[in-house]
Amino acid sequence: MDIAPASARVHLTFRDATEADVPVLVGLVESAYRGDASRAGWTTEADILQGQRTDAAGVREVLDTPSGRVLVAERDGEPVACCQLEHRGEAAYFGMFAVRPELQGAGLGKVIIAEAERTAREDWGAGEMHMTVISVREELIAWYERRGYRRTGKLTPFPYGDERFGIPQRDDLAFELLVKDL
């Protein structure tokens, strides 16, 4: 019987995304957050936002950012998760984090965020990791807090009316900045 924690049993390889990954990344992010498929995992935003989470142009914009990269996590050569990292002076920004819904809850997220933090610290010398999370996502924010992130109370308005970010199903959405010392 294997009694090791789930995160210890996860074997992933990491690589930087390329232009050829754009369709896979769009599908991965969409499946983790929007529509009925996202309900297989726990990170769904389907009850608060409909429409798209990202599109090919949005992913290309992230890939084309000179100070950034997108890490792709693969298991047996198949992309199962991704995240955006962007070097912003003394800090790094963490975003576009997605794990295939049917694999959520198995420890992959912990492994991926640890790799992102290691990368930001070792490759860029970043002292902090920053991210923004929709402020009403209490369960997700609690998950990040268990990983050492802290709420700052700094809010940015949700871009209502810009369907590139989805179609809000409520009128109280905002992004909250979370920060972790690396």
Side-chain angles (χ1 to χ4, degrees), residues 1-60 62-63 68-85 93-120 129 131-149 163-170 173 175 178 180:
M1 178 173 167
D2 189 354
I3 57 172
S7 59
R9 295 190 305 265
V10 174
H11 178 71
L12 299 174
T13 57
F14 293 89
R15 64 176 176 79
D16 286 342
T18 67
E19 170 70 26
D21 293 308
V22 169
V24 171
L25 295 174
V26 170
L28 180 61
V29 172
E30 289 295 308
S31 72
Y33 292 97
R34 301 291 164 78
D36 287 337
S38 70
R39 295 181 192 281
W42 68 273
T43 62
T44 184
E45 295 172 343
D47 293 330
I48 61 172
L49 290 159
Q50 293 182 357
Q52 71 178 29
R53 177 73 167 358
T54 193
D55 58 18
V59 172
R60 279 189 192 95
V62 171
L63 287 175
R69 62 205 291 188
V70 175
L71 291 180
V72 177
E74 295 181 327
R75 189 170 69 184
D76 300 324
E78 180 183 349
V80 295
C82 66
C83 68
Q84 166 195 8
L85 288 174
Y93 177 79
F94 178 82
M96 206 171 76
F97 184 29
V99 175
R100 282 186 23 196
E102 66 273 16
L103 299 176
Q104 292 176 16
L108 273 74
K110 294 173 192 172
V111 173
I112 294 156
I113 200 166
E115 175 64 13
E117 292 166 356
R118 184 201 64 75
T119 298
M129 185 75 86
M131 71 173 72
T132 55
V133 178
I134 296 174
S135 60
V136 299
R137 301 284 321 276
E138 294 295 336
E139 184 180 8
L140 183 58
I141 290 171
W143 187 86
Y144 285 121
E145 288 177 318
R146 290 191 299 275
R147 315 270 94 63
Y149 288 81
E163 291 188 8
R164 291 178 304 155
F165 299 97
I167 303 167
Q169 302 302 295
R170 46 193 292 179
L173 302 181
F175 293 107
L178 305 183
K180 178 179 180 177

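All values derive from a computational prediction rather than experimental measurement. Atoms considered below: every heavy atom in the structure, side chains included; atoms not considered: hydrogens, waters and symmetry mates.
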Looking at T43 and A32, what are the two nearest heavy atoms and their distance? OG1-O, 2.9 Å
Would you check if the side chain of Q169 reaches a backbone N or O of I167 as a donor-acceptor pair within less than 3.5 Å? yes
Could you walk me through whether V133 and F97 satisfy the side-chain contact (heavy atoms from CB on, under 4.5 Å) test, starting with their C-alpha distance in whole Å, then the side-chain angles of each, then the deciding distance to 0.1 Å, before giving a yes or no? CA-CA 11 Å; V133 178; F97 184 29; over 6 Å; no
Does the side chain of L140 reach to within under 4.5 Å of the side chain of W42, using non-hydrogen atoms? yes
side-chain contact (heavy atoms from CB on, under 4.5 Å) assessment of T13 paired with R15: CA-CA 7 Å; T13 57; R15 64 176 176 79; over 6 Å; no
Measure the shortest side-chain to side-chain distance between L85 and L71 over non-hydrogen atoms and say whether it is less than 4.5 angstrom. yes
Could you give me the CA-CA distance, side-chain angles and deciding distance for R34 and V29, then say whether side-chain contact (heavy atoms from CB on, under 4.5 Å) is met? CA-CA 8 Å; R34 301 291 164 78; V29 172; over 6 Å; no
In Å and rounded to the nearest 0.5 Å, what is the CG to NE2 distance from D76 to H11? 8.0 Å
Minimum heavy-atom separation for G35 and T44, please, with both atom names. O-OG1, 4.5 Å
Are the side chain of Q52 and the backbone N or O of E30 linked by a donor-acceptor pair below 3.5 Å? no
Walk me through it: do V70 and M96 pass the test side-chain contact (heavy atoms from CB on, under 4.5 Å)? CA-CA 8 Å; V70 175; M96 206 171 76; 3.8 Å; yes
Just wondering, do L173 and V136 contact through their side chains at under 4.5 Å, heavy atoms? yes
Indicate whether the side chain of S38 and that of E45 have a donor and an acceptor atom separated by less than 3.5 Å. no
Answer yes if the side chains of T132 and Y93 hold a donor-acceptor pair under 3.5 Å, and no otherwise. yes
Heavy-atom side-chain contact between I113 and Y144 under 4.5 Å: yes
Contacts of D16 meeting salt bridge (Lys or Arg N to Asp or Glu O under 4.0 Å) (sequence neighbours excluded), chain-then-number -> R69
Residues P79 and G77: closest non-hydrogen pair is CD-O, 3.9 Å
Interatomic distance, CE@M131 vs CE@M129, rounded to 0.5 Å, equals 7.0 Å
Mind checking what makes side chain to side chain contact (heavy atoms under 4.5 Å, CB included) contact with R146, not counting sequence neighbours? A142, W143
Do D47 and R39 have side-chain heavy atoms sitting under 4.5 Å apart? yes
Can you find a heavy atom in the side chain of L178 that is under 4.5 Å from one in the side chain of F94? no
Measuring only between side-chain heavy atoms, which start at C-beta, is I134 closer than 4.5 Å to L49? yes
Considering all heavy atoms of both residues, which atom of P23 and which atom of E19 are nearest to each other, and what is their separation? CD-O, 4.3 Å
Under the rule for side chain to side chain contact (heavy atoms under 4.5 Å, CB included), what residues qualify as partners of A40, not counting sequence neighbours? P101
Is the closest basic N to carboxylate O distance between R60 and D21 below 4.0 Å? no
Hey, is R75 close enough to E78 for a salt bridge, meaning N to O under 4.0 Å? no
For S135 versus I141, what's the shortest heavy-atom pair and its separation? O-CD1, 3.7 Å
More than 12 heavy atoms of other residues, nucleotides or ligands under 6.0 Å from CD of E163: is that the case? no
L25 and C82 have their tightest heavy-atom pair at CD2-CB, 3.7 Å
